[in-house]
Amino acid sequence: MIKNGHHDADDHQDEGGCSKSVRSLCSPEKRKRVVRLWCDGCYDMVHYGHSNQLRQAKAMGDYLIVGVHTDAEISKHKGPPVFTQEERYKMVRAIKWVDEIVEGAPYVTTLETLDQYNCDFCVHGDDITLTVDGKDTYEEVKRAGRYRECKRTQGVSTTDLVGRMLLMTKAHHSNIDNPDYQQHTDNFGKGPKGHSPWTGVSQFLQTSQKIIQFASGKEPQPGDTIIYVAGAFDLFHIGHVDFLEMVYKQAERPYVIVGLHFDQEVNRYKGKNYPIMNIHERTLSVLACRYVSEVVIGAPYAVGKDLLDHFKVDLVCHGKTEVFPDKDCSDPYAEPKERGIFKTIDSGNNLTTDDIVQRIIENRLQYEARNQMKEAKEIAVIEVMKKREQQQKTEAAAPAAH
């Protein structure tokens, strides 16, 4: 897809070197129809890795439909999800590259499903998704040539996030090698007989290019209402989405700026091993939300005169959650309150990051068993792939020997 005069970095190319999404633009005829894409998945504990997959998928066509599985289907094939299906539907709807979602999509992707929603092809990451009996869920669409692949985002997985929540260290703040953190990866991302490149944990390395890909790049226009909110926005979840949607509805033409606090600042007022996600990860998570126009990385804790004047802020909003005082015990929202531009927003959703961690802790053993089972399945598939590859090499070498 051509955006702002350049090809998306993740566009896939055909044999002729032409991106699949712009193939028709390479031919004399202009494209006459909309290319419709299908993605599906559990989308449990939605993180920037999921968002990046959907961003890459959207870049391959025009209209992206995302199928989300039910709780019952996920429990049958993988184990219990952390979030309910209603929460997961809403989370996926809030990702800005998604045009439509299908609730209760089947776990195995079939040609019938693609045809039902008029989708040209299905897009999935370069990891393996297996059914309860170990079959590739995309086998049918692959055989029909209606499957496309995008790169998996390195350095994040639901497995890793669950581990961070259960392990009370702060090693993930700086992404450093730490014996405790390493032990968690051994427990959570590895099976007893090997290591899978998909379920395993690797470090996330932020780049300016990735931020550019996620950012809208739109400046506020005359007539826009500039709304500022600030916080940790840790483990970006449905509580955050409901809050930001309410903030977005405060104006006819909203331009929502989210100020994200540095890890050390969040740890000062939240304590324990918070934030679970470091500043770079939280930036991408928030930028993927359709209600957000811009992010301030490492925003000052106090919403002071300089910040308000610099961004020409019309309204400052905060949720019903507790406002922790600044280091000098002052109110961080004193300036916007004095100007009469502060507003408390009740989103009607009381879910917090603490609640999510609690859900994980309560189901710890189930998640550990789920991850180890997934790992074992993936390792078995890798072995089969290796044997098949070796067999093909042997067969290819046999005629040459005669």
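Because the structure is a prediction, the values reported are computed rather than measured.
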Shortest non-hydrogen contact from [X] toward [Y]:
X: Lys96; Y: Leu287; value: NZ-O, 2.9 Å
X: Pro80; Y: Ser75; value: CA-OG, 3.9 Å
X: Phe236; Y: Val286; value: CD1-CG2, 3.9 Å
X: His50; Y: Asp44; value: CE1-O, 3.5 Å
X: Tyr269; Y: Gly231; value: OH-C, 3.9 Å
X: Trp97; Y: Leu64; value: O-CD2, 3.5 Å

Mind checking whether [X] and [Y] have side chains closer than 4.5 Å, heavy atoms only?
X: Tyr333; Y: Thr344; value: no
X: Ser51; Y: Leu284; value: no
X: Tyr89; Y: Val66; value: no
X: Phe83; Y: Met91; value: no
X: Val303; Y: Phe342; value: no
X: Leu114; Y: Val141; value: yes
X: Val295; Y: Thr283; value: yes
X: Ile227; Y: Ile257; value: no

Over 12 foreign heavy atoms within 6.0 Å of CG, Asp331: yes

Give the table of side-chain donor-acceptor pairs shorter than 3.5 Å for residues 312-327, with sequence neighbours excluded, one pair per line with atom names and distance.
unit_1, atom_1, unit_2, atom_2, d
Asp314, OD2, Ile226, N, 2.8
Lys327, NZ, Glu265, OE1, 3.3

Look up atom [atom1] in [X] and atom [atom2] in [Y], then write down how far apart they are to the nearest 0.5 Å.
X: Lys270; Y: Asp263; atom1: NZ; atom2: CG; answer: 13.5 Å
X: Ile341; Y: Glu335; atom1: CD1; atom2: CD; answer: 8.0 Å
X: Leu111; Y: Glu140; atom1: CG; atom2: CD; answer: 4.0 Å
X: Asp242; Y: Glu87; atom1: CG; atom2: CD; answer: 9.5 Å
X: Lys142; Y: Thr109; atom1: NZ; atom2: OG1; answer: 10.0 Å
X: Leu37; Y: Tyr117; atom1: CG; atom2: OH; answer: 15.5 Å

If you measure only the distance, is there a donor-acceptor pair under 3.5 Å linking the side chains of [X] and [Y]?
X: Glu100; Y: Tyr63; result: yes
X: Gln390; Y: Lys393; result: no
X: Asp234; Y: Thr353; result: no
X: Lys343; Y: Gln250; result: yes
X: His124; Y: Tyr138; result: yes
X: Ser347; Y: Asn349; result: no

For the pair [X] and [Y], find out whether any cationic side-chain nitrogen is under 4.0 Å from an anionic carboxylate oxygen.
X: Asp99; Y: Arg36; answer: no
X: Arg146; Y: Glu139; answer: no
X: Asp62; Y: Arg33; answer: no
X: Asp224; Y: Arg253; answer: yes
X: Arg93; Y: Glu103; answer: yes
X: Arg339; Y: Asp309; answer: yes

Side chain to side chain contact (heavy atoms under 4.5 Å, CB included) between Gln53 and Cys39, worked out: CA-CA 9 Å; Gln53 182 230 348; Cys39 283; 3.7 Å; yes

Within the 6.0 Å centroid threshold, strictly below: Tyr301 and His261: yes

Does the Lys NZ or Arg CZ of Arg148 fall within the cation-pi geometry relative to Phe121 - under 6.0 Å from the ring centre and within 45° of the axis? yes

A cation-pi test, strictly: NZ or CZ of Arg268 under 6.0 Å from the centre of the six-membered ring of Tyr274 and no more than 45 degrees from its axis. Yes or no? no

Audit row: Lys210, Asn52, side chain to side chain contact (heavy atoms under 4.5 Å, CB included) steps and yes/no: CA-CA 9 Å; Lys210 188 58 66 195; Asn52 194 35; 3.4 Å; yes

Member of Leu235, Ile276, Val266 meeting the side chain to side chain contact (heavy atoms under 4.5 Å, CB included) criterion with Arg282: Val266

Would Cys289 and Ile95 count as a side chain to side chain contact (heavy atoms under 4.5 Å, CB included) if you check the C-alpha gap in whole Å, the side-chain angles of each, and the deciding distance to 0.1 Å? CA-CA 5 Å; Cys289 179; Ile95 296 171; over 6 Å; no

Evaluate the criterion side chain to side chain contact (heavy atoms under 4.5 Å, CB included) for residue pair Ile65 and Asn118; output intermediate values, then yes/no. CA-CA 10 Å; Ile65 301 174; Asn118 299 318; over 6 Å; no

Donor-acceptor contact present, side-chain Arg88 to main-chain Tyr43, <3.5 Å: no

Please determine whether salt bridge (charged side-chain N to carboxylate O under 4.0 Å, His left out) holds for the pair Glu86 and Lys90, giving the CA-CA distance in whole Å, both sets of side-chain angles, and the decisive distance to 0.1 Å. CA-CA 6 Å; Glu86 295 304 326; Lys90 199 184 271 191; over 6 Å; no

Partner of Tyr291 under ring-ring contact (aromatic ring centres under 6.0 Å, His included), chosen from Tyr248, Tyr255, Phe233: Tyr248

